[in-house]
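This report refers to the structure that appears directly beneath it.
On a predicted model such as this, the values are computed, not experimentally measured, just so you know. Protein chains get the first letters and strands the later ones, always in sequence-line order, with residue 1 at the start of each.
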2 protein chains.
Amino acid sequence: MTCSLKYAPQLRAQGLRMTPQRVAILHVLHQTGGHLSPTQVYELARKEHPSLTEPTVYRTLEELAERKFLLAAHVGSGRMVYELAENHNHHHLICRECRAEIQIEHAALEKLFGELETSSGYRFIDSHVTFFGLCPKCQKINKGD
Amino acid sequence: MTCSLKYAPQLRAQGLRMTPQRVAILHVLHQTGGHLSPTQVYELARKEHPSLTEPTVYRTLEELAERKFLLAAHVGSGRMVYELAENHNHHHLICRECRAEIQIEHAALEKLFGELETSSGYRFIDSHVTFFGLCPKCQKINKGD
DNA sequence: TATACTATTGCAACTTCTTGCAATAAGGAA
DNA sequence: TTCCTTATTGCAAGAAGTTGCAATAGTATA
Ligand SMILES: [Mn+2]
Ligand SMILES: [Mn+2]
Ligand SMILES: [Zn+2]
Ligand SMILES: [Zn+2]
């Protein structure tokens with residue numbers, strides 16, 4: 001609730017409107033805190049706003065991610081997941097085998113991003129990266145592959 | 001054609017079989033050379049093997065990627081894309097705005113991967129990463145955002 | 001070459017995601 | 001408060017991707 005009050009002026013500043021659907025969607029993302037798939041958002045937000053539809057959820061998540069209110073990520077489930085962009089300055093490292101997930105501090109990527117920015121001319125502002133690898137456990141298990 | 005002959009023994013070594021469906025799928029990936037979505041693979045491979053079905057394409061691409069014959073990547077289209085793993089030691093950098101795409105040499109990531117492997121215990125063998133950023137053109141256009 | 005084992009396929013039904021369009025409603029202006 | 005503009009929504013239809021299961025067909029073995 002409070003969270004949507006906070007976002008309302010920011011949305012309006014970009015020509016966007018604060019609808020009850022968006023209140024509900026922002027609310028579940030705020031309450032949950034972590035990554036949510038569109039379907040999860042839909043199921044949860046529908047409890048707050050029963051007339052909510054799937055196309056609205058997909059369009060809203062996409063729009064809010066484009067405007068940097070949300071971060072989108074692929075975490076290997078095949079489906080996109082979203083989270084509030086707020087206090088997030090992290091990246092993800094996920095085991096291809098068992099899905100074990102750890103966070104990577106943004107600091108660990110700063111040097112690489114700097115180098116790539118120099119050599120490519122691209123800017124990496126707001127990047128939210130997911131790496132895939134083999135976790136220590138799965139490395140042992142797979143030795144005799 | 002030649003390409004599937006090459007893969008047949010490698011598949012068998014892993015308990016997999018070389019079916020006409022797989023011949024067709026490998027063939028289009030080989031001919032095309034670049035990233036293809038499952039739907040693109042389906043449409044192209046169907047010309048070689050008309051009875052091919054979508055579930056077979058999805059399952060085959062997933063299986064072959066798991067076994068490292070293929071590389072899978074998200075390139076921002078929302079859909080997964082696949083390519084032959086063969087001579088590929090690259091990563092991708094894509095403009096969030098205009099989708100302009102450049103390749104990144106694997107060498108550019110080696111130091112970072114080394115550091116992350118040390119600090120996390122994960123191994124990054126066979127990683128195929130996609131970064132998103134803003135290309136030089138789009139940085140200029142968006143200055144007054 | 002015939003047999004047996006089981007990986008792979010196609011089918012059907014389902015879930016997830018997308019798109020065009022007309023109706024609705026947010027919120028600035030009067 | 002009322003009116004107006006147009007961003008946003010819901011609907012309906014469709015595309016993309018998934019799953020369980022019975023039938024098929026690679027391939028190892030004899
Ligand atoms: Mn995240
Ligand atoms: Mn690639
Ligand atoms: Zn693992
Ligand atoms: Zn660009």
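The distance between atom CD of Glu62(A) and atom P of dT18(C), rounded to the nearest whole Å, is 6 Å. Between the CZ atom of Arg12(A) and the P atom of dA26(C) there is a distance of 11 Å, rounded to whole Å. Distance Arg46(A) CZ to dT16(C) C1': 14 Å, rounded to the nearest Å. Straight-line distance from the CD atom of Gln21(B) to the C1' atom of dC11(C): 14 Å, rounded to whole Å. Note: CZ (Arg79(B)) to P (dT16(C)) measures 16 Å, nearest angstrom. Spacing between atom OH of Tyr42(A) and atom P of dT15(C) amounts to 12 Å, rounded to whole angstrom units. The interatomic distance linking Gln14(B) (CD) with dT6(C) (P) rounds to 19 Å, in whole Å. Atom CG of Leu52(A) and atom P of dA25(C) are 15 Å apart (whole Å).
A distance of 4.5 Å separates CZ of Phe124(B) from CG of Leu93(A), quoted to the nearest 0.5 Å. Here the straight-line distance linking atom OG of Ser120(A) with atom CD of Gln103(B) works out to 13.5 Å at 0.5 Å rounding. With rounding to the nearest 0.5 Å, the separation of CZ in Arg22(A) from CG in Leu61(A) is 10.5 Å.
Below the 3.5 angstrom threshold, one finds no donor paired with an acceptor across the side chain of Arg22(B) and the base of dT8(C).
Contact annotation: the side chain of Arg67(A) approaches that of Leu16(A) to within less than 4.5 Å [non-hydrogen atoms, C-beta and beyond]. At a threshold of 4.5 Å between non-hydrogen side-chain atoms, the residues His27(B) and Gln31(B) count as touching.
Distances shorter than 4.0 Å separate none of the side-chain N or O atoms of Thr53(B) from OP1 or OP2 on dC11(C).
Glu54(B) comes within 4.0 angstrom of nothing in the nucleic acid, heavy atoms only. Backbone-only contact: Ser51(A) has heavy atoms under 4.0 Å from sugar-phosphate atoms and none from a base. Gly78(B) comes within 4.0 angstrom of nothing in the nucleic acid, heavy atoms only. Counting any heavy atom pair closer than 4.0 Å across all strands shown, Arg59(A) reaches a base atom.
Along DNA chain D, the stretch of nucleotides lying under 4.0 Å from any heavy atom of chain B spans, 5' to 3', dA16(D) to dA28(D).
Residue-to-nucleotide proximity on DNA chain C shows that, of Thr56(B) and Gly15(B), the 5′-proximal contact is made by Gly15(B). Taking for each of Thr60(A) and Pro55(A) the nucleotide of DNA chain D with the nearest heavy atom, the 5'-most of the two is the partner of Thr60(A).
Relative ring orientation between His91(B) and His128(B) is described as tilted, the plane-to-plane angle lying within the 30° to 60° band.
The side chain of Tyr58(A) lies closest to dC17(C), out of dC17(C), dT8(C), dG28(C). Of all nucleotides listed (dC11(C), dT8(C), dA26(C)), dT8(C) comes nearest to the side chain of Leu16(B).
Under a hydrophobic clustering in which Ile, Leu, Val, Met, Phe, Trp and Tyr are joined whenever their side-chain heavy atoms come within less than 4.5 Å, directly or via other members, Leu84(B) and Leu64(B) fall into the same cluster.
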Using the rule given for ring-ring contact (aromatic ring centres under 6.0 Å, His included), can you reason through His106(B) versus His90(B), listing the C-alpha separation, both sets of side-chain angles and the distance that settles it, and then say yes or no? CA-CA 5 Å; His106(B) 178 65; His90(B) 66 269; over 10 Å; no

